[in-house]
A.B. asks: 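One structure is given below, represented as structure tokens, and several questions about it will come after.
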Amino acid sequence: MLAIFSAIVPVGFIVLVGVVAGRLLQLEVNSLSQVSVYLLAPALVIDGFYRSTLTAKNITLIIAGFGIISLFMAIIVTIAAYFFRIPAEKRKSLMAASVLPNNGNMGLSIASFAFGATGLERAMIYMIGSSILLFGVAPAYLRGKSFLSGIRLIFKLPLLWSIVIGVSFQVFSIELPLQLDKAIESLGQAAIPLALIILGVQLSATKFGIGSIEILGAFLRLVIAPIIAYFVGARLGLSGLDLKILILQSAMPTAVNTVVLVTEFGGDASLMARLVVVTTLASFLSVPVFLWVLR
């Protein structure tokens, strides 16, 4: 049990630092987010691929697992929204909360603290699939535009290009001169703590509230998704650390960026913010349970 909490407590502590900083300091969250999204996160991905020991089969199965899990979750949310007669705008927020996990701020951090570098590199593969859904498919769904418009957004973000660069380094066995790999590694190491601080700052400005939709969203995101991940992963033939990371990443709370997406493209923004807060706080109770089961 001590080992489990040793993976959660550091994450919670850094988030708490962000909450305090958000209360006491006048921080520009947009600027911090841009540094994270456009500089540090791409460096983390490039470094991860540069040093990765994963095979193409591992990578393909993890991404395929995430895609199938997301499809099942979308179907479940659609059925639940119809059954409970949830209005269209609230349904969009519930869909975003249930399908889009926080694999950047919390997922990578917990995977790293719990399973080390080997867990982190698998978690980054999951995050890639999640990011494509978050920045590519989700805006098109929320706005009601075509899938192609979402794909265009992916090409404007550095994530895709950092994947291409990182994979190229590995495939062609490129060795960077003048210890540039150390520089990229240092930038990547800064991505996780900054992402957690940003999460804390954003939580400090979000009002807390619980209603029936918030409870439903938390149950779907924190309980149903990881259970589906187990069956999907087992069906795909994943085992060992690959399966553990698939389940753990699926147990993460709702992605903080969903608030930005809903505000920009459509949905109930205030409900979205509450869903982020509720799932994030509840995850500090649910994630240790799944970690205990996985260990």
A.B. asks: Going from CD1 on Ile125 to CG on Leu61, what distance comes out if it is rounded to the nearest 0.5 angstrom?
C.D. replies: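 Between atom CD1 of Ile125 and atom CG of Leu61 there are 12.0 Å.
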A.B. asks: Which atom pair, heavy atoms only, marks the closest approach of Ile210 to Glu214?
C.D. replies: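 In this case the closest contact between Ile210 and Glu214 is C-OE1, 4.0 Å.
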A.B. asks: Ion pair present between Lys92 and Asp268, side-chain N to carboxylate O less than 4.0 angstrom?
C.D. replies: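 Between Asp268 and Lys92 there is no salt bridge, as every charged N stays at least 4.0 Å from the carboxylate O atoms.
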A.B. asks: If you round to the nearest 0.5 Å, how far is CD1 of Ile14 from CE of Met106?
C.D. replies: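 If we round to the nearest 0.5 Å, Met106:CE and Ile14:CD1 are 11.0 Å apart.
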A.B. asks: In the structure I gave you, are the side-chain heavy atoms of Asp242 and Leu246 within less than 4.5 Å of one another anywhere?
C.D. replies: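 The answer is no, as the side chains (C-beta and beyond) never meet within the 4.5 Å cut-off.
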A.B. asks: Do Met252 and Leu71 share a hydrophobic cluster (ILVMFWY, side-chain heavy atoms under 4.5 Å, transitive)?
C.D. replies: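 Each belongs to a different hydrophobic cluster.
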A.B. asks: Is there a continuous path of hydrophobic side-chain contacts, each under 4.5 Å between heavy atoms, that joins Leu25 to Val35?
C.D. replies: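 As far as the 4.5 Å side-chain criterion goes, Val35 and Leu25 are connected within one cluster.
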A.B. asks: Got a second to check how far Lys244's NZ is from Leu238's CG, nearest 0.5 Å?
C.D. replies: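 One finds 13.5 Å between NZ of Lys244 and CG of Leu238.
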A.B. asks: Quick check: do Ile228 and Ile76 have side-chain heavy atoms less than 4.5 Å from each other?
C.D. replies: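 Yes, at least one pair of side-chain atoms sits under 4.5 Å.
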A.B. asks: Test side-chain contact (heavy atoms from CB on, under 4.5 Å) on Leu294 and Leu248; report intermediate values, then the result.
C.D. replies: CA-CA 8 Å; Leu294 294 175; Leu248 180 63; 4.0 Å; yes
A.B. asks: Does any non-hydrogen side-chain atom of Val289 lie less than 4.5 Å from one of Leu285?
C.D. replies: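 SC-SC contact between Leu285 and Val289 ruled out.
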A.B. asks: Can you tell if the side chain of Gln249 reaches within under 4.5 Å of the side chain of Pro101, non-hydrogen atoms only?
C.D. replies: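 They are not in contact (no side-chain heavy atoms under 4.5 Å apart), so the answer is no.
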A.B. asks: Looking only at heavy atoms, what is the nearest atom pair of Phe66 and Ser130, with distance?
C.D. replies: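 Minimum heavy-atom contact is CZ-CA, 3.3 Å.
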A.B. asks: Any chance you could lay out the side-chain contact (heavy atoms from CB on, under 4.5 Å) test for Phe115 and Ile110, step after step, and finish with the verdict?
C.D. replies: CA-CA 8 Å; Phe115 297 107; Ile110 293 176; over 6 Å; no
A.B. asks: Set out, in order, the CA-CA distance, both residues' side-chain angles and the distance that settles side-chain contact (heavy atoms from CB on, under 4.5 Å) for Tyr82 and Ile86, then state yes or no.
C.D. replies: CA-CA 7 Å; Tyr82 176 80; Ile86 298 174; over 6 Å; no
A.B. asks: Measure across Ala114 and Leu291 and return the closest heavy-atom pair with its distance rounded to 0.1 Å.
C.D. replies: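 Closest heavy-atom pair between Ala114 and Leu291: CB-CD2, 3.9 Å.
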A.B. asks: Pair Leu176, Ile184 - check side-chain contact (heavy atoms from CB on, under 4.5 Å), show working.
C.D. replies: CA-CA 10 Å; Leu176 296 175; Ile184 294 174; 3.7 Å; yes
A.B. asks: I need the Arg122 CZ to Leu108 CG distance, nearest 0.5 Å.
C.D. replies: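 If I round to the nearest 0.5 Å, the distance is 14.0 Å.
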A.B. asks: Taking atom CG of Leu194 and atom CG of Leu187, what is their separation to the nearest 0.5 Å?
C.D. replies: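 Leu194 atom CG to Leu187 atom CG measures 11.5 Å (nearest 0.5 Å).
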A.B. asks: Among the clusters formed by ILVMFWY side chains lying less than 4.5 Å apart, do Phe84 and Ile79 turn up in the same one?
C.D. replies: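 No, separate clusters.
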A.B. asks: If you look at every heavy atom in Ile245 and Ala111, which pair is closest and at what distance?
C.D. replies: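 Nearest heavy atoms, Ile245 then Ala111: CD1-CB, 4.1 Å.
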A.B. asks: Just by modelled atom types, is the Val277 backbone N or O under 3.5 Å from a matching donor or acceptor in the Thr280 side chain?
C.D. replies: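 Looks like no, no N/O pair under 3.5 Å.
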A.B. asks: Pairing donors with acceptors under 3.5 angstrom, does anything connect the side chains of Ser250 and Tyr230?
C.D. replies: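 Side-chain D/A pair, Ser250 to Tyr230: absent.
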A.B. asks: Can a donor-acceptor pair be found, under 3.5 Å and without considering hydrogens, that links the side chain of Ser98 to the backbone of Met95?
C.D. replies: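 No; zero donor-acceptor contacts below 3.5 Å.
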A.B. asks: Can you give me the closest heavy-atom contact between Val278 and Ala218, atom names plus distance?
C.D. replies: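 It is CG1-CB, 4.1 Å.
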A.B. asks: Heavy atoms, side chains only, cut-off 4.5 Å: are Asp181 and Glu175 in contact?
C.D. replies: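 They are not in side-chain contact.
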A.B. asks: Indicate if Leu94 and Ile75 have the same hydrophobic cluster label, given that clusters are the connected sets of ILVMFWY residues with side-chain heavy-atom separations under 4.5 angstrom.
C.D. replies: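 No, Leu94 and Ile75 fall in different hydrophobic clusters.
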A.B. asks: Which pair of non-hydrogen atoms, one from Ser283 and one from Pro288, has the smallest distance, and what is that distance?
C.D. replies: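 Residues Ser283 and Pro288, closest heavy atoms: O-CD, 3.6 Å.
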A.B. asks: With clusters defined by side-chain heavy atoms of hydrophobic residues (ILVMFWY) lying less than 4.5 Å apart, directly or transitively, does Ile215 cluster with Val77?
C.D. replies: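 In one cluster: yes.
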A.B. asks: Atom OG in Ser204, atom CZ in Arg23: separation rounded to 0.5 Å?
C.D. replies: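 That separation rounds to 5.5 Å.
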